[in-house]
Amino acid sequence: KLLVLSPDAQAGHAALAEALLLAGDYQEALAEFDAEPLDGFTLYGRAMTFHELGDQERSEAAMKALLDLDDVHGWAAQIAMAHAVREERDDAMAWLEKAFELNDQGIIAAQTNPFFDNLRGDPRFKQFLERLASGAD
């Protein structure tokens, strides 16, 4: 409904694309990520979606472009998610720490965010969630 009322709403296409990605509708997810006006969302979505499609070259190109953004730290949570989906646990944890330090709101729901599922068995992630819940540094 948001996109019907405001087709250029920031993060609107990304939210729909994330749902499509989780549902396994990769081509539609790519189309929605590409329609997103915020480059960070487009690039993190492409990094995850191309990974799921098995196209590691395009996934890596999207990840590199995401890391090259001028405001890269503004995308710390999305970078962490993309690394987690790509099963790059050390990088995901490092970016989660950056997101925490930056008070990035993108990690508020880390406990239930399905894009972090690949980290659930990692004791560092459990410790991170405990720290996030307590608000401790």
Side-chain angles (χ1 to χ4, degrees):
K1 195 152 194 154
L2 168 67
L3 293 174
V4 171
L5 296 172
S6 183
D8 295 326
Q10 292 184 345
H13 288 281
L16 177 56
E18 289 171 344
L20 291 165
L21 176 59
L22 291 168
D25 193 346
Y26 303 133
Q27 295 307 317
E28 286 298 315
L30 278 174
E32 290 299 328
F33 279 124
D34 286 345
E36 173 58 47
L38 295 173
D39 289 342
F41 281 127
T42 299
L43 294 169
Y44 112 97
R46 292 176 66 80
M48 293 188 303
T49 307
F50 282 126
H51 173 79
E52 294 298 318
L53 286 167
D55 188 340
Q56 300 316 312
E57 186 175 321
R58 290 174 83 183
S59 176
E60 187 59 33
M63 181 62 85
K64 182 182 179 331
L66 178 59
L67 293 170
D68 286 345
L69 287 177
D70 287 339
D71 62 343
V72 68
H73 288 102
W75 297 101
Q78 287 74 27
I79 294 169
M81 285 185 261
H83 279 303
V85 167
R86 291 165 34 114
E87 300 182 45
E88 299 162 345
R89 290 173 187 84
D90 291 341
D91 290 329
M93 291 306 306
W95 279 97
L96 275 171
E97 291 297 334
K98 286 180 187 176
F100 185 85
E101 292 168 15
L102 296 166
N103 295 314
D104 188 325
Q105 294 181 3
I107 61 170
I108 291 171
Q111 186 168 0
T112 58
N113 185 325
F115 294 116
F116 291 125
D117 283 354
N118 287 333
L119 300 178
R120 304 251 176 250
D122 190 319
R124 297 173 299 174
F125 187 65
K126 182 179 179 185
Q127 291 170 349
F128 175 80
L129 291 176
E130 291 168 357
R131 206 169 88 239
L132 183 64
S134 74
D137 287 337

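At least one side-chain heavy atom of Leu30 sits under 4.5 Å from a side-chain heavy atom of Leu53. Counting heavy atoms from C-beta on, the side chains of Asp34 and Thr42 come closer than 4.5 Å. Put simply, the side chain of Phe41 reaches to within 4.5 Å of the side chain of Trp75, judged on heavy atoms. Between Leu119 and Leu96 the shortest side-chain heavy-atom distance falls below 4.5 Å.
Between Leu21 and Ala29 the shortest heavy-atom distance is N-CB, 3.7 Å. A pairwise comparison of heavy atoms in Ala99 and Ile107 identifies CB-CG2, 3.6 Å as the closest pair. For the residue pair Glu32 and Ala17, the shortest heavy atom distance occurs at CB-CB, 3.5 Å. For His73 against Leu102, the heavy-atom pair with the smallest separation is O-CD1, 3.4 Å.
Taken to the nearest 0.5 Å, the CD1 atom of Ile79 stands 7.5 Å off from the CG atom of Leu69. Once rounded to the nearest 0.5 Å, the distance linking OH of Tyr44 with CG of Leu67 reads 14.5 Å. To the nearest 0.5 angstrom, Arg46 atom CZ is 11.0 Å from Asp39 atom CG. A distance of 11.5 Å separates CD of Gln111 from CG of Asn113, quoted to the nearest 0.5 Å.
Every pair passing side chain to side chain donor-acceptor pair (under 3.5 Å) that includes a residue from residues 78-89 is listed here, sequence neighbours excluded: Ser59-Arg86, Glu60-Arg86, His83-Glu88, Arg86-Glu88. Screening residues 93-106 for side chain to side chain donor-acceptor pair (under 3.5 Å), with sequence neighbours left out, gives Glu97-Arg131. The ring-ring contact (aromatic ring centres under 6.0 Å, His included) pairs that include a residue from residues 102-123 are Phe116-Phe125, where partners are two or more places apart or lie in different chains.
Heavy atoms from other residues, nucleotides or ligands lying under 6.0 Å from CG of Asp70 number 12 at most. Counting heavy-atom neighbours within 6.0 Å of Gln56 CD, excluding the residue itself, gives a total above 12.
A side-chain donor-acceptor contact under 3.5 Å links Asn118 to the backbone of Ala84. In this structure, Asp55 contributes its side chain and Arg58 its backbone to a donor-acceptor pair below 3.5 Å.
Screening His13, Glu18, Glu28 against Phe33 for a side chain to side chain contact (heavy atoms under 4.5 Å, CB included) leaves a single residue, Glu18.
Tracing side-chain contacts under 4.5 Å through hydrophobic residues (I, L, V, M, F, W, Y), one never reaches Ile108 starting from Leu132; they form parts of separate clusters.
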